[in-house]
Engineer: 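There's a structure below that I have some questions on.
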Amino acid sequence: MYRADSPALEHTFTTSPAGVPGQKQKTAFAFDLDGTITKAELLPMIASELGLEPEMRLLTELTMAGMIPFEDSFRLRFAILRTAGLDRIRSVVSEVEFDPDIEAFIRENRERSFVVTGNLDLWVQPLQERLGCRFFTSTAMTDAHGHVTGLDTVMRKNIAALELKEHFERLVAIGDGFNDVPMFDVADIGIAFYGIHSAPDALVSVSNYVALDGKSLCRLLNTL
Amino acid sequence: MPTVKHAVIAAAGLGSRLGQGKPKCLVEVEGVKILKHLLAQLSEVEDVRVIVGFEEKAVISELKQLGRDVIVVRNPNFRSTTTLHSYTLGCQHMSGDCLFMDGDLLLEPASFARFLAACEPGAPKLAITQTKTKDAVFAITEGDQIVGFRREEPTEYEWSNIAWLPVTTFDTIGNTPVYEHLKAYLPIIGHEIVSYEIDTAEDMRLALSHTDLFDLKALAS
């Protein structure tokens, strides 16, 4: 058993045209994926495809309410959803709609925009290909035939944020959920996003700004 | 393209002198929340930032409901800081000039529109209004310039708590009232508008006897 081979997710910071090796670049933007860049939450979408909506909704509610730690919740969700084949999951994921303003901002700022998501690398790969920036994700283990055999790492967003802080002077974090709190804790500027739902109070309480839609969010990002 | 591209509305305070137990921007006059009235006056301004503090959740929900694409800026220290601090947070990372205003104002739309239209880059300007209350910041004027402020001895005009200023005005601040901070930048041109500030129950009564001025009917839903 070994870690999923996903070269598309690899990225070396020193190859950035704007960067000088050994010298920090100015500002990086770390985006949450589900409900921030995407206009729908991915896991409920997959669950709906599998007829497991009520189970997934209960888990989501408990997680959003802070009653189950994100890591445990993700392990449970993974256990529920792994029964579906990878191709089926990817085909559902690849249909998700992006917020058009956020998508345009990321495309224009690919070298300093990053997606930091608790979602699984193999599941969200189609979105990484669409956006063309680096993703930090939870990771899967696969067997020699490419079948998912288990979870390798569950994303802790503060770890990804700390890695970005090693390469950039300033980190701006954008997210809408409980699991973004550790990322906001590390970031210099936190922006809670009220996209498809309101951000939890815990996240708002550690944020500097609240953006009410993608358009105003990107207007703010362009001034930072 | 209008000159005024950025506006900051300070709506973080407790509003304790009015005593309604909610942020003053959420107080309703003729069925219209002050926040909605102010945003309507800023419909041509691209970048509007609302500074929230006290009861921030209620203000954010109201903004989301109003559907205007404003940016919400949090001032978690609203209890121990003055409006000056909200202005600094509001214009952080901006450049050029910005319109600064309090979130507890009722404006006569036409006179405010004239103020907005008269804003020019690099030319600071303060809105003043005919003195209505004893508890105001009175403007000492010489010709069209404001040369001083005082709290005692009413003059003909009081400051409206609306200013068109370079954002650098709020780079380094203390914790004084805004007008004390602005004294260092005087003289600044004054421009008369018709406005009512809602600080106290008496202010509210006064404004309520002039509601026809504020064009609220069009906004009532």
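These figures come from a predicted structure and were not determined experimentally. In what follows, chains are A, B, ... by sequence order, proteins preceding strands, each numbered from 1.
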Engineer: Select one option (side chain, backbone, both, neither) describing which atoms of A/Leu217 are under 4.5 Å from chain B's heavy atoms.
Structural biologist: neither

Engineer: Tell me if the CZ atom of A/Arg130 is crowded by more than 12 foreign heavy atoms within 6.0 Å.
Structural biologist: yes

Engineer: Is it the case that atom CZ in B/Arg79 sees more than 12 heavy atoms from other parts of the structure closer than 6.0 Å?
Structural biologist: no

Engineer: Does B/Asp69 offer a backbone N or O that forms a donor-acceptor pair with the side chain of A/Lys215 under 3.5 Å?
Structural biologist: no

Engineer: Heavy-atom distance under 4.5 Å to chain B: side chain of A/Ser198, backbone, both or neither?
Structural biologist: neither

Engineer: Quick check on B/Lys217: does its NZ atom have over 12 non-hydrogen neighbours (other residues, nucleotides or ligands) under 6.0 Å away?
Structural biologist: no

Engineer: With a 6.0 Å cut-off (strictly less than), is the heavy-atom count around CD of B/Glu44, excluding the residue itself, greater than 12?
Structural biologist: no

Engineer: Heavy-atom pairs under 4.5 Å with chain A: which of B/Gln92, B/Met94, B/Arg74, B/Arg68 has the most?
Structural biologist: B/Arg74

Engineer: With respect to chain B, which residue among A/Ala211, A/Gly214, A/Ser207 yields the maximal number of heavy-atom pairs within a distance under 4.5 Å?
Structural biologist: A/Ser207

Engineer: Output, in order, the C-alpha distance, side-chain angles, deciding distance and verdict of side-chain contact (heavy atoms from CB on, under 4.5 Å) for A/Leu220 and B/Arg49.
Structural biologist: CA-CA 10 Å; A/Leu220 173 63; B/Arg49 304 190 180 193; 3.8 Å; yes

Engineer: Counting only non-hydrogen atoms closer than 4.5 Å, does B/Lys64 touch chain A with its backbone (N, CA, C, O), its side chain (CB onward), both, or neither?
Structural biologist: both

Engineer: Counting only heavy atoms not in B/Glu120, do more than 12 sit closer than 6.0 Å to its CD atom?
Structural biologist: no

Engineer: Counting only heavy atoms closer than 4.5 Å, note whether B/Leu89 contacts chain A via side chain, backbone, both or neither.
Structural biologist: backbone

Engineer: Taking every non-hydrogen pair under 4.5 Å, which of A/Asn208, A/Leu224, A/Asp213 racks up the most with chain B?
Structural biologist: A/Asn208

Engineer: Examine whether an atom of B/Val70 lies under 4.5 Å from a heavy atom of chain A, and if so say whether it belongs to the side chain, the backbone or both; otherwise answer neither.
Structural biologist: both

Engineer: Would you check, one step at a time, whether the test side-chain contact (heavy atoms from CB on, under 4.5 Å) holds for B/Ile71 with A/Arg219?
Structural biologist: CA-CA 9 Å; B/Ile71 293 165; A/Arg219 204 170 57 226; 4.3 Å; yes

Engineer: Does any heavy atom of chain A fall under 4.5 Å from the side chain of B/Glu56, the backbone, both, or neither of them?
Structural biologist: side chain

Engineer: Are side-chain heavy atoms of A/Leu212 and B/Ile60 found at a separation under 4.5 Å?
Structural biologist: yes

